[in-house]
Amino acid sequence: MSDSLLSESIQNYLKVIYKLEKNLEEASTSDIAKELNISSASVTGMLKRLSAMRLVNYNSYKGVTLTKDGKTLALEVIRHHRLIEAYLRQSLGYRLAKIHNEACKLEHYVSKDFIEKITEILDDPKFDPCGHPIPTKDGAIPTRDESSLIEFEPIITANISSLNDENVELLNYLDDVGLLPGKKITLLEKSPYYGPIRLAFDDKEISIGHEVAKMIFIDKKSVKHT
Ligand SMILES: [Zn+2]
């Protein structure tokens, strides 16, 4: 493996371990293999390497966690990824559903100067276009108290804080109708038994399904009962 491919691969491992660790406390070899779509055997080889570089704490029986240095590097990659997403969206007009894959490719190849330049152009954003926090240069992560729209009862007004970005088709739909982070919405009606959910925003009303509402997150501080 060439140096740049090796570092790209290391960055992807650190990112995945960070994500798994956040959700499950620690990452297992099989979970990492699943996320990266490669065999457990090659994951084991790489984990030994990362452990020798003191980027992870690796115990073959328990799983893996990031060291302080590993976490710093992971947060830097995530910062670059999310800033690139913001740039693709705001400056280049990308569709929401396209930015993630593009950022996954670009994040390994942009220079620090490029990142600083786009940070300046974008006025140092705190959140990416899907509303996920962008780690600061010092590795701090902006926090916000949010819950899925499905957990609220009508009638309330609130601001959308983030969108689950795992489903590309859903993102395209939300992009088309304009249900995006920052948008103020009114939850008008929630039908029983997983029925439609009626929303108002921008002087229009739409009904969305239960599954869609689960993917939309609301800034809890913005909630007002009407
Ligand atoms: Zn992304």
Side-chain angles (χ1 to χ4, degrees), residues 4-5 7-24 27 31-38 66 70-112 114-144 146 148-149 159-183 211-212 214-219:
S4 66
L5 276 180
S7 64
E8 176 174 344
S9 169
I10 288 174
Q11 288 172 347
N12 284 335
Y13 268 83
L14 297 177
K15 223 169 47 165
V16 162
I17 296 167
Y18 178 82
K19 179 177 150 193
L20 291 169
E21 210 184 312
K22 212 171 119 238
N23 297 337
L24 312 161
D31 286 338
I32 297 169
K34 217 157 89 192
E35 285 278 337
L36 292 169
N37 210 3
I38 50 177
L66 294 172
K71 192 178 169 198
T72 301
L73 282 178
L75 286 170
E76 190 182 80
V77 186
I78 294 167
R79 172 173 167 80
H80 290 185
H81 178 98
R82 293 184 174 166
L83 281 167
I84 292 167
E85 288 187 331
Y87 179 69
L88 293 171
R89 175 72 172 176
Q90 286 177 44
S91 301
L92 303 182
Y94 267 61
R95 300 268 295 156
L96 209 50
K98 294 260 187 206
I99 57 174
H100 179 75
N101 283 346
E102 196 79 310
C104 279
K105 290 181 213 151
L106 290 170
E107 69 193 11
H108 308 291
Y109 297 105
V110 292
S111 67
K112 288 220 158 102
F114 179 83
I115 291 294
E116 264 173 38
K117 189 80 202 158
I118 62 175
T119 306
E120 195 186 305
I121 287 176
L122 298 168
D123 202 16
D124 201 6
K126 302 278 173 289
F127 298 92
D128 74 16
C130 284
H132 302 124
I134 299 175
T136 66
K137 256 190 188 164
D138 312 322
I141 303 167
T143 54
R144 196 174 34 192
E146 55 177 12
S148 168
L149 174 59
N159 295 335
I160 296 177
S161 53
S162 72
L163 306 172
N164 180 315
D165 60 359
E166 274 160 26
N167 182 332
V168 167
E169 275 169 41
L170 179 73
L171 274 186
N172 272 328
Y173 170 72
L174 296 173
D175 209 356
D176 283 340
V177 297
L179 281 171
L180 299 168
K183 184 71 74 184
E211 288 306 311
V212 176
K214 275 208 289 203
M215 301 297 176
I216 298 173
F217 289 81
I218 293 300
D219 180 353

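None of these values were measured; they are calculated from a predicted model. First listed ligand is number 1; within each ligand, the first listed atom is number 1.
- In this structure, Ile99 and Tyr94 approach most closely via the heavy-atom pair CG2-CB, 3.6 Å.
- Protein N/O/S atoms closer than 2.8 Å to the Zn ion (ligand 1), listed by chain and residue number, are His81 NE2, Glu85 OE2, His100 ND1.
- Looking only at side-chain heavy atoms (C-beta outward), Arg89 and Asp175 come within less than 4.5 Å of each other.
- Looking at heavy atoms from C-beta onward, Thr72 lies out of side-chain contact with Glu76 at the 4.5 angstrom threshold.
- With sequence neighbours excluded, the residues that form a salt bridge (Lys or Arg N to Asp or Glu O under 4.0 Å) with Arg144 are Glu146.
- Taking both residues in full, the closest heavy atoms of Gly131 and Pro181 are given as N-CG, 3.9 Å, listed atom of the first, atom of the second, then distance.
- For the pair Asp165 and His132, the minimum side-chain heavy-atom distance is below 4.5 Å.
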